[in-house]
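All chains are named by letter (A, B, ...) in the order of the sequence lines, taking the proteins before the strands, and each is independently numbered beginning at 1. Computed from a predicted model, the values in this text were never measured in an experiment.
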Amino acid sequence: MIINNENLDIKQIAESGQCFRMNALEDNKYRTVAYGRYIELTQIDETTVDFSCTEEEFNEIWKDYFDLSYDYKRIVDRLLSGKDEFLKKSADFGKGIRILRQEPFEALISFIISQNKNIPAIKTCIEGICREYGEPVKTPQGIMNEYYTFPTPEALAFANREDLRKLKTGYRDEYIIQAARAVYEGELDLQALVESSHEVAVEALMRLKGVGMKVANCVSLFGLHHIEAFPVDVWIKKILDDVYDGKFDLNLYSGYAGIVQQYMFYYIRSAQLIG
DNA sequence: GGCCAGGGCCCAC
DNA sequence: GTGGGCCATGGC
């Protein structure tokens, strides 16, 4: 399934820190698991990607997952024609990034794990949790024993602390279990938060222990697709302090601040050659 | 081997 | 609402 899009760069998406299960198989070829499916993505040229799936599966899952109905070029062009030099460089550098529509529960648990960890450590931890609590991915060709789905709320709600700690969660073990229980028992309705406003979602998420302002904004942005969310982590804070001297005006980008945030994040990290 | 990481909790102030 | 210790652990 060949897709042409001016703003679709798999490497940039995989390295943008929004998802943790998209990994390189070789140069220009990545794989990931989402919504119970495995897929390989090959960047053929700057604007062309080969999705290793049928047209039916593409339309059912991956078109939405990669947010392919949204016009990112409009956002990039707006930034490129603006006056903010840092954002011009950021948007030009990361113009192939898109905000994935990840599964809300996966985003919630992933960003709970992410606190005070670097990205390689987050990936290791999440892969372990998928291996122990997820299911082997099923394909039309059979079961793939090397790839696992992200666990269900139920699977993690009944996990125990010691087992999670062996998977390198550290002190976050109880946060994970409590969040999974809240979702499993219906106390936290993530699907309802997809429909709600970003503000309502953040407030509901922050009632969970282990979910503060930053994690709630990441879940809102990457799991609920509220693209006005603007997570501030140590990297973004560095930019707001050093580049903008504390005077960055979020209101200039209201409605799509999360996309701007991703360009900033990807640019500053790449500029500092951090993996 | 020390420092840092897509932070949050808990407690003073 | 701000500022500091503290948290468990890997990656570099």
*C/dA8 base to A/Asn116 side chain: any donor-acceptor pair below 3.5 Å?*
yes

_Side chain of A/Pro120, heavy atoms from C-beta onward: which of C/dT9, B/dG7, C/dG11 has the nearest atom to it?_
C/dG11

_Would you say A/Lys238 places a side-chain N or O within less than 4.0 Å of OP1 or OP2 belonging to B/dA5?_
yes

*Nucleotide B/dG6, atom P - distance to CD of A/Glu15 in whole Å*: 13 Å

*For B/dC9, which nucleotide is its Watson-Crick or G-U wobble mate, given both distances must be under 3.5 Å?*
C/dG5

*asked:* Show every side-chain hydrogen bond (donor to acceptor under 3.5 Å, both in side chains) that has at least one partner inside residues 203-213 of chain A, sequence neighbours left out.
replied: A/Glu203-A/Arg207

*From B/dG6, B/dG7, C/dG10, pick the nucleotide closest to the side chain of A/Gln261?*
B/dG6

*Length of the line joining A/Glu127:CD and C/dG10:P, which is rounded to integer Å*: 17 Å

*asked:* At less than 4.0 Å, is any side-chain N or O atom of A/Ser114 found next to OP1 or OP2 of B/dG7? Yes or no.
replied: no

_Heavy atoms from C-beta onward define the side chain here; which of B/dA5, B/dC9, C/dG11 lies closest to that of A/Val234?_
B/dA5

*Which residue pairs pass the side-chain hydrogen bond (donor to acceptor under 3.5 Å, both in side chains) test with at least one member in residues 108-121 of chain A, sequence neighbours excluded?*
A/Gln115-A/Tyr171

*Toward the 5' end of DNA chain C, which comes first, A/Ala121 or A/Tyr171, by nearest nucleotide?*
A/Tyr171

_Is it the case that the base of B/dG7 and the side chain of A/Tyr175 share a donor-acceptor contact (distance under 3.5 Å, atom types as modelled)?_
no

*Between A/Arg172 and C/dA8, does any side-chain N or O lie under 4.0 Å from OP1 or OP2?*
no

*Salt-bridge present (A/Glu162, A/Lys166; N to O < 4.0 Å)*: no

*Which is true for A/Gly210 with a 4.0 Å heavy-atom rule: it touches a base, it touches only sugar-phosphate, or it touches nothing?*
sugar-phosphate

*Separation of A/Phe20 atom CZ from C/dG11 atom C1', in whole Å?*
15 Å

*If each of A/Lys209 and A/Phe111 is mapped to the nucleotide of DNA chain B with the nearest heavy atom, which maps nearer the 5' terminus, i.e. the 5' end?*
A/Phe111

_A/Gln262 CD - B/dG6 P separation (whole Å)_ = 13 Å

*Ignoring the backbone of A/Gln115, work out which of B/dG6, B/dG8, C/dT9 is nearest its side chain.*
B/dG8

*If the P atom of C/dC6 is compared with that of B/dC3, how far apart are they to the nearest Å?*
16 Å

_Option among A/Val76, A/Asp71, A/Asp77 that satisfies the side chain to side chain contact (heavy atoms under 4.5 Å, CB included) test with A/Arg74_ = A/Asp71

*Euclidean distance, A/Leu156 CG relative to A/Phe150 CZ, rounded to 0.5 Å*: 6.0 Å

*asked:* Once you apply a heavy-atom cut-off of 4.0 Å, does A/Ser16 come out as touching a base, just sugar-phosphate, or nothing?
replied: base

*Length of the CG-P vector between A/Leu167 and C/dT9, whole Å*: 12 Å

*For C/dG11, does either OP1 or OP2 sit under 4.0 Å from a side-chain N or O belonging to A/Lys123?*
no

_Under a 3.5 Å distance rule, please check whether A/Gln261 uses its side chain to pair with a backbone N or O of A/Pro231 as donor and acceptor._
yes

_Gap in Å between the two P atoms, one belonging to C/dG3 and one to B/dG6, rounded_ = 23 Å

